[in-house]
Structures are given as C-alpha cells and as structure tokens.
Amino acid sequence: MKQTTLDIIFLQEMKCSIQKLRQIHSKWLSRFEFLEVKAENAAGGILTLWNPMKIGIIDAEASRNYLLMVIDL
C-alpha cells in the first residue's frame, strides 16, 4: 500500500480551547504551522494546519464564522 503524507488539514466545529489545541500541536503536529478560530461555548472552532515546506500562506483573514486563507502551492 502506498503511504501518503498530509500537507494541509482543515477541521471545523473543534469545540476545543486554544490551550488544548496548542498542546496537541506541540505533541503530535509540530511540523505543521496553524491558524485557528476559537470556539465559543459549545459552538464553532476552526483549525487549519499546513506543512510550511510544501504550502505557503500569502494572506489570511478570520472571524467568528470563517477562516479564509490564500495559499501558494
């Protein structure tokens, strides 16, 4: 079976604190850079992780409801 690697990950409805996300990032996903929109109570939470060796971020904008990123492959 061919092994694949992930270069970008999108997660929504995380419902996870930023502190917990940072713990997860440092423990398992340290090769990725990330941007997040924090969850508010039991709603929301957006997380995008990417491999900076393969994907460049040109611009990013975030609000409570979205995370918009312009990427360079």
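Applying the ring-ring contact (aromatic ring centres under 6.0 Å, His included) test to Phe34 and every residue at least two apart in sequence or in another chain returns His25. With sequence neighbours excluded, no residue satisfies salt bridge (charged side-chain N to carboxylate O under 4.0 Å, His left out) with Glu33. Glu13 meets the side-chain hydrogen bond (donor to acceptor under 3.5 Å, both in side chains) test with Lys15; sequence neighbours excluded.
Hydrophobic clustering (ILVMFWY, side-chain heavy atoms < 4.5 Å, transitive): Leu11 and Leu29 are in one cluster. The hydrophobic cluster containing Phe10 also contains Leu73, counting ILVMFWY residues as joined when their side-chain heavy atoms lie under 4.5 angstrom apart, directly or transitively. Under the 4.5 Å side-chain heavy-atom criterion for grouping Ile, Leu, Val, Met, Phe, Trp and Tyr, Leu67 is connected to Ile71 within one hydrophobic cluster.
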Taking distance alone, no hydrogens or angles, what donor-acceptor pairs closer than 3.5 Å link side-chain atoms of residues 44-53 to residues at least two apart or in another chain?
{"residue": "Asn51", "atom": "OD1", "partner": "Met53", "partner atom": "N", "Å": "2.9"}

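Chaining together hydrophobic side chains whose heavy atoms lie under 4.5 Å apart places Val70 alongside Ile58.
Distance check: Ile8 CD1 to Leu6 CG gives 10.5 Å after rounding to the nearest 0.5 Å.
Applying the side-chain hydrogen bond (donor to acceptor under 3.5 Å, both in side chains) rule to pairs touching residues 57-73 yields Glu40-Arg64, Glu61-Tyr66, sequence neighbours excluded. Applying the salt bridge (charged side-chain N to carboxylate O under 4.0 Å, His left out) test to pairs two or more places apart or on separate chains, none has a residue in residues 44-53.
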